[in-house]
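Everything on this sheet refers to the single structure shown next.
Keep in mind it's a predicted model, so treat the numbers as computed, not measured. Chain letters run A, B, ... following the sequence lines, proteins first and then strands; every chain starts at 1. No hydrogens, no waters, no symmetry mates; every other heavy atom, side chains included, goes into these values.
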2 protein chains.
Amino acid sequence: MAEDSRILAGKRTTIYDIARLAETSASAVSSVLNGSWQKRRISKRLAAKITEIAEREGYSANAQASLLRRARSNIVGMIVPKYDNRYFGSIAEQFEAISRARGLFPVVTCTQREPALEVEAAKELISFQAECLIATGATDPDHLTALCEAAGVLSINLDLPGNAAVSVISDNYGGARELTALILDRCREIGYEGALHFVGGRPSDHNTAVRLRGFLDVHHARGIAVPEDHVLVPGYSADRAEQAMKSLSPRDAMGIFVNSTISLEGVVRWSQGLNDAARQRLRYGCFDYDPFAALLPSNVGMVQQNISKMLETAFDIMDTRRHPSEPILVPCVLRPC
Amino acid sequence: MAEDSRILAGKRTTIYDIARLAETSASAVSSVLNGSWQKRRISKRLAAKITEIAEREGYSANAQASLLRRARSNIVGMIVPKYDNRYFGSIAEQFEAISRARGLFPVVTCTQREPALEVEAAKELISFQAECLIATGATDPDHLTALCEAAGVLSINLDLPGNAAVSVISDNYGGARELTALILDRCREIGYEGALHFVGGRPSDHNTAVRLRGFLDVHHARGIAVPEDHVLVPGYSADRAEQAMKSLSPRDAMGIFVNSTISLEGVVRWSQGLNDAARQRLRYGCFDYDPFAALLPSNVGMVQQNISKMLETAFDIMDTRRHPSEPILVPCVLRPC
DNA sequence: CAAGTTTGCTCAATCGATGGTGCAAAGTTG
DNA sequence: CAACTTTGCACCATCGATTGAGCAAACTTG
């Protein structure tokens, strides 16, 4: 079976080992195992022999050596803030699937919304010779783009836009308007005609800002004034959303625009503490979709972002190296509950 | 700034480029940039000069070249079935965090519960010289272990056990017993004393089998017979769980042990179609935790697996290369709703 | 100041796969 | 059968970083 000396040395089988066993050269082995043997005029007989021996020995090419020599790496990198929600989870899954279908090697890493981690991960991916880095929901996308540019790596912003690279994002404004209108309508049905609350996200965040604008514009169009203290943006965090809600004085009825499912977790935990009457007169909707949250009684609707379309667009940019300076907006789908 | 010739050639800066700019040797540059310069007696002066130039040029080491030369890769691989639930999402997140904290480079890839994809991903990770492969919820863990063994890569099974490598899994039996008991108790409160249904997972799956055994044992201990058609194991799929539920004849009251959150999605969709009376007399619990699902009215409790403990154990095995032949069981936590 | 030590650096082999180039041997053509 | 083409393969430089070995210059010691 596999050579004992190699096993004992703890080293892996190389093309040189296979060459020795097949009584041929390393270059023949290499070309046979990477599929370029026809072009290099290796006989079918030798190819079969090498293939068989390689299989028997459990040969596995050293990707480092191969990549070092080759011009392209076929590695595509992605950073993602979290895996704790459907949105980013699905982005990661689909990114991997599309990459594989194209013969690329996807490396996804989650960076916990921490700027330092994002930078570290980006540097690592660049060092790994990734050909492209998709920065999803990055806190400082332009910094990452700068790193990529210095290394000649294509960078694409997803979910959150940057100024230095192409950005593919949802139509946050449109989605927010639709959701706001829906929640207002549903509130009217229970006799509440006041301003909604906006909960979740952070002020410095582009998506939060745009969604908030949509939220305010719809109120304005309906002639409803939004008091300042109706806007609570304590970050993307269940705990902080819950605290923010608890800090409000109790109200008879209320409607909430929840920005992100992670914030919804906090809102929902807070609502568990309400008495039945208050809960009966509570309505909310959420930007981002979750199948279980969609079934909660007070939930009137969720905005689902079009992930397939966003990724399709991103890969299209990889192919064509198109570089529009304006973010590409992908419409969302409002799913009433 | 950065050398124009390099830019034009589309190639990245190497230690040789830096060496030329700093009027020194590549080996000096290498040792300075990888931190081994003190050991190699490079002067602080030269080190500072090299560091400055490297920074100015935006140098990024070619990890492939570095790894080729080095003995250890520090790469640790993990395959995960899906990112669409909290359980696997959290496993991936925590695996990455722990790896980074240990100076390792984590590469996680999701394989959609497809055996062919699992094998492909494992081969790729081995080819990248991963030092260890953690196979999470793999459909054929022993096959992956065989691949790893041939390449001298440590393999560890997580979530689902295998025979060929160490396995770290939850105490599925204990968790299932507790959950079953809880659902039965809650059903009694609404006057239903019959057998529960078991929904989700697949017959060939170890975890499904063990959980089902716990489920049956508790029924048996209480003297409740479980009809064969109460066990529905159509796979880990929301659609198939929903179909399975729809195929049942309507009942006055019922209790369900739902195996996995993805199956719960199907069950919950099905329950939306019930009339109010039937829904009033429906109780279920789920093996695996989801914060939103925990708030659904008919949900009586969810089993949360102890991910931190499982990963801690896995990394402990990486360190010590301990190789117990029996799976290591990690207790779960039942979270009543 | 001669002998020995330390400091500070460079040289060159190496990791494993790739692919351009070269060169026999076999096959073809006139 | 000489000249030419095709087939089938091996040789070796190369990718970029690492590291053992070696060596001059500076410094120390008696």
Problem set entry | Donor-acceptor pair present, B/Arg69 side chain and C/dT14 base, under 3.5 Å | yes
Exercise. Under 4.0 angstrom, heavy atoms only, what part of the nucleic acid is B/Leu46 near: base, sugar-phosphate, or nothing?
Worked result: sugar-phosphate
Exercise. Does A/Tyr16 place a side-chain N or O at less than 4.0 Å from the phosphate oxygens OP1/OP2 of D/dC11?
Worked result: no
Exercise. So does B/Ser66 get a side-chain nitrogen or oxygen closer than 4.0 Å to the phosphate oxygens (OP1/OP2) of D/dA17?
Worked result: no
For this session: Please answer whether the main-chain N or O of A/Asp84 pairs with a side-chain N or O of B/Arg86 as donor and acceptor at a distance below 3.5 Å.
Result: yes
Exercise. Tell me: CD of A/Gln64 to C1' of C/dT14, nearest whole Å?
Worked result: 15 Å
Problem set entry | Rounded distance (Å) that lies between atom P of D/dT18 and atom NZ of B/Lys39 | 11 Å
For this session: Mind checking the CD1-CG spacing from A/Ile328 to A/Asp316? Nearest 0.5 Å is all I need.
Result: 8.0 Å
Exercise. How is B/Ala63 classified with respect to the nucleic acid when contacts are heavy atoms under 4.0 Å: base, sugar-phosphate, or nothing?
Worked result: nothing
Problem set entry | Under-4.0 Å side-chain N/O to phosphate OP1/OP2 contact, B/Asn34 with D/dA17 | no
Seminar exercise, completed: Between CD1 of A/Ile18 and P of D/dA10 the distance, given in whole Å, is 14 Å
For this session: Under the salt bridge (Lys or Arg N to Asp or Glu O under 4.0 Å) rule, what do A/Asp319 and A/Arg102 come out as? Steps first, then yes or no, please.
Result: CA-CA 11 Å; A/Asp319 291 339; A/Arg102 292 171 164 240; 2.9 Å; yes
Exercise. With nearest nucleotides of DNA chain C determined for A/Ser30 and B/Glu23 from heavy-atom distances, which residue corresponds to the more 5′ nucleotide?
Worked result: B/Glu23
For this session: For B/Ser170 and B/Gln305, test the side chains for any donor-to-acceptor distance below 3.5 angstrom and give the result as yes or no.
Result: yes
For this session: Return no unless some side-chain N or O of A/Thr14 is found under 4.0 Å from OP1 or OP2 of C/dG16.
Result: no
Exercise. When the aromatic ring centroids of A/Phe315 and A/Phe95 are compared, is their separation below 6.0 Å?
Worked result: yes
Exercise. A/Thr24 side chain N/O closer than 4.0 Å to the phosphate oxygens (OP1, OP2) of D/dA10?
Worked result: yes
Exercise. Rounded to the nearest Å, what distance is computed from the CG atom of residue A/Leu67 to the P atom of nucleotide C/dG16?
Worked result: 15 Å
Exercise. Looking for any heavy atom pair under 4.0 Å, which part of the strands does A/Ala71 touch: base, sugar-phosphate only, or nothing?
Worked result: nothing
Problem set entry | Atom-pair distance (CZ on B/Arg72; P on D/dT18), nearest Å | 16 Å
Exercise. Where each residue is assigned the nucleotide of DNA chain C containing its nearest heavy atom, which of A/Arg41 and B/Arg40 is assigned the position nearer the 5′ end?
Worked result: B/Arg40
For this session: Let me know the distance between CZ of A/Arg20 and C1' of C/dA17, rounded to the nearest Å.
Result: 16 Å
Problem set entry | Sugar-phosphate only, base, or nothing, as touched by B/Ser27 at under 4.0 Å among non-hydrogen atoms | base
Exercise. In whole angstroms, how far is the P atom of D/dC9 from the CD1 atom of A/Ile15?
Worked result: 16 Å
Seminar exercise, completed: Rounded to whole Å, the CG-C1' distance (A/Asn62 to D/dG16) equals 14 Å
Seminar exercise, completed: Of the candidates C/dG19, C/dC9, D/dG8, the side chain of A/Ser43 sits closest to D/dG8
For this session: To the nearest 0.5 angstrom, please state how far the CG atom of B/Asp159 sits from the CG atom of B/Asn157.
Result: 10.0 Å
